[in-house]
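Taking it in order: structure first as structure tokens, then the write-up.
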Amino acid sequence: MEKKFVYNEDTALVETESGKVRGYFYDDMYIFKGIPYAKARRFHAPAPVEPWEGVLQATSFGYVCPLLELPKPEGELLVPHRYWVMNEDCQNLNIWTPGLDGEKRPVMVWLHGGGFFAGSAIEHIAYEGENMCRFGQVVVVSVNHRLNVLGYCDLSDFGQEYANSGNAGTDDLVAALRWLHDNIERFGGDPDNVTVFGQSGGGAKVTTLLQTPAADGLFAKGINMSGVIGPVLGDAVGSGKRLGEMLMEELKVEDVKALETVPYDALAAAYNKVKPILEKAGEYVGGAPHPNTFYKGEPITNGFRKESEHVPLIVGSVFGEFNSFAPTPYKRSALTREDGIRIVEEEVGKEQAAELIGLFEKAYPERNPVDILTMDFTFRAPEIDYIRIRSGCKGRVWSYLFNLDMPFDGGRTPWHCADIPYFFHNTQLAPYTQEEGVTERVEKLIFDAVMAFAKTGNPGTQELADWNSCSEDEEATLVIGKETSVRVNFDHELVPVLAKDMAPVYARNMEKRMKEVQH
């Protein structure tokens, strides 16, 4: 089928509050890339972008935030990446829209993964917004912002001008949402119907925005995908004074102002040198949101802000998460149940295996017991608490668990990031998803629920009529696999036991697994 492409003076031209931008029309949608939404001095809050004269060409992706270390392409079949030009001038966003016609469509704002220290708006190949825009008839936005030492370095002890430098990256996200609130209607979107959604660090950013007063009123709904990871994506607490002093000492400068202008490579090298010293001493190292008057702190410890309780959420994770990155020493497809039991017994001992297997088969009757060894608990355990707390403060929360094995290396339990292509309607871009008779059906189920949520605040569809929001006592989890069902509190007994018994195994394997793939 022929796809229409138009780029000229009159097509895809939008006048924003800062000036005119020109994108292009392709395959029934208008696409804009690299639109600046703010500007900022290093360690300072972002300011509105200065108006420009003429027409800004918005046809190329903008700079992404510089990383602390160059990424090493590995595991690209598992998590297919793209790498892009890095520069501190990274406050930009991308827009895909079905029309520039004044129609108010739901707006989906993607917050990328990579913790609060890495990643970009275009990093994962499945972050492309075209299919979500086309099939969902929604406006899709992806955002770049400051990360790592640029975005999360508390220097507040050095002066009021740095009062929220520990959350500068979150301030960028707020600035992006504010820009969208003021401009997205001109791109065919509804500023009063914005859904923020993200995976891993992006999911954690959804939570951070809920806990940030400056973001109030700038989004209506949130989807948190694998973004509740306890201390792994926890807050950076304490004073950053020692960090600032050590950076100045390492860089041989006497004034904190000098940290604003030293070359980024030198700043990153200094940070990478002093960080392990501070970590060993249990001191502040930054790299994550900093609780203060601008940010309440993560909700499991600090509770959710009442001002955000009305925002409906979808919260979920993946069966294997980090545990499924590395290949197993056994061929899963050839194992009988008895084989699986024996392997688990060899790993944790007969007594512990008996308890685990009983609880596991109750929660996952469709799985071989050997999958205990790749089942996640580092995400799922805090997620259960997160959903319970959120439900208890009258927030509407829908829970899901992505339980679909991938046709990879003879069959593998799903890993961290494996669900992203299904949410974006982009399975065609990710080879690992392809399984005849399964991929399209599961993609449609997930995508339809996401679009229903974007449009109505409820992910229920005709196919998912029994997927109810959670209560404080009952977590109704949509367990998504070849056969999908809603299961209430289905793993609440299993997860604590798994965390206790499998922690030593997890610790032995994690370093190897995390080195084999970018995520």
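All heavy atoms count here, side chains included; hydrogens, waters and symmetry mates do not. Source: prediction; values computed, not measured. Counting begins at 1 with the first residue of the sequence.
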Compare all side-chain heavy atoms of [X] with those of [Y] and state whether any distance is below 4.5 angstrom.
| X | Y | answer |
| --- | --- | --- |
| Thr170 | Phe294 | no |
| Pro191 | His181 | yes |
| Asn193 | Arg105 | no |
| Lys33 | Ile122 | no |
| Leu356 | Leu494 | yes |
| Met132 | His425 | no |
| Glu366 | Glu483 | no |
| Tyr364 | Met375 | yes |

Look at the side chain of [X] and the backbone N and O of [Y], then say whether any donor-acceptor pair between them is shorter than 3.5 Å.
| X | Y | value |
| --- | --- | --- |
| Asn426 | Leu429 | no |
| Arg390 | Pro312 | no |
| Gln211 | Gly297 | yes |
| Tyr432 | Ala418 | yes |
| Lys221 | Ala454 | yes |
| Arg487 | Ala363 | yes |
| Glu321 | Val318 | yes |
| Asn148 | Leu67 | no |
| Glu103 | Asp190 | no |

Candidates Phe447, Phe135, Tyr400 - the one meeting ring-ring contact (aromatic ring centres under 6.0 Å, His included) with Phe423: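 That would be Tyr400.
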
Does Phe187 form a side-chain contact (heavy atoms from CB on, under 4.5 Å) with Val21? I'd like the steps, not just the answer. CA-CA 11 Å; Phe187 293 86; Val21 297; 4.0 Å; yes

Determine whether more than 12 heavy atoms belonging to other residues, nucleotides or ligands lie under 6.0 Å from atom CD of Glu440. no

Aromatic rings [X] and [Y]: how do their planes relate, parallel, tilted or perpendicular, breaks at 30° and 60°?
| X | Y | answer |
| --- | --- | --- |
| Trp84 | Phe61 | perpendicular |
| Phe379 | His416 | tilted |
| Phe5 | Tyr26 | perpendicular |
| Phe197 | Phe424 | tilted |
| Phe360 | Phe319 | perpendicular |

For the pair Thr439 and Thr433, evaluate side-chain hydrogen bond (donor to acceptor under 3.5 Å, both in side chains) and give the outcome as yes or no after the intermediate values. CA-CA 6 Å; Thr439 306; Thr433 66; 4.8 Å; no

Could you go through the side-chain contact (heavy atoms from CB on, under 4.5 Å) check for Leu209 and Leu177 one step at a time? CA-CA 10 Å; Leu209 289 170; Leu177 291 172; 3.9 Å; yes

Can you tell me how far [atom2] of [Y] sits from [atom1] of [X], rounded to the nearest 0.5 angstrom?
| X | Y | atom1 | atom2 | answer |
| --- | --- | --- | --- | --- |
| Asn167 | Asn292 | CG | CG | 5.0 Å |
| Asp466 | Leu478 | CG | CG | 8.0 Å |
| Ser18 | Asp182 | OG | CG | 9.0 Å |
| His310 | Cys393 | NE2 | SG | 12.0 Å |
| Glu383 | Ser399 | CD | OG | 5.5 Å |
| Trp415 | Leu78 | CH2 | CG | 5.0 Å |

Assess whether a salt bridge exists between [X] and [Y], defined as any Lys/Arg side-chain N lying under 4.0 Å from an Asp/Glu carboxylate O.
| X | Y | answer |
| --- | --- | --- |
| Glu130 | Lys3 | no |
| Arg337 | Glu361 | yes |
| Lys444 | Glu463 | no |
| Glu475 | Arg380 | yes |

Mind running ring-ring contact (aromatic ring centres under 6.0 Å, His included) on His112 and His145 for me, showing each step along the way? CA-CA 10 Å; His112 67 76; His145 65 102; 5.3 Å; yes

When you look at Asn323 and Asp376, which way does the side-chain hydrogen bond (donor to acceptor under 3.5 Å, both in side chains) test go after all the steps? CA-CA 6 Å; Asn323 289 340; Asp376 162 70; 5.1 Å; no

Per the side-chain hydrogen bond (donor to acceptor under 3.5 Å, both in side chains) rule, which among Asp405, Asp409, Asn368 passes with Arg332? Asp405

Check against side-chain contact (heavy atoms from CB on, under 4.5 Å), Ser142 and Trp96: CA-CA 9 Å; Ser142 60; Trp96 295 263; 3.7 Å; yes

Where do Phe116 and Lys205 land on the side-chain contact (heavy atoms from CB on, under 4.5 Å) test, with the steps shown first? CA-CA 8 Å; Phe116 293 90; Lys205 291 165 195 173; 3.5 Å; yes

Intermediate values then yes/no, salt bridge (charged side-chain N to carboxylate O under 4.0 Å, His left out), Glu493 and Lys362: CA-CA 10 Å; Glu493 290 183 83; Lys362 181 180 176 182; 3.2 Å; yes

Could you walk me through whether Thr301 and Glu298 pass side-chain hydrogen bond (donor to acceptor under 3.5 Å, both in side chains), step by step? CA-CA 6 Å; Thr301 302; Glu298 61 83 18; 2.4 Å; yes

Assess the side chains of Arg367 and Asn403: does a donor N or O sit below 3.5 Å from an acceptor N or O?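 Side-chain D/A pair, Arg367 to Asn403: present.
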
Considering the options Val139, Leu218, Val141, which one meets the side-chain contact (heavy atoms from CB on, under 4.5 Å) requirement together with Leu180?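 Filter result, single survivor: Val141.
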
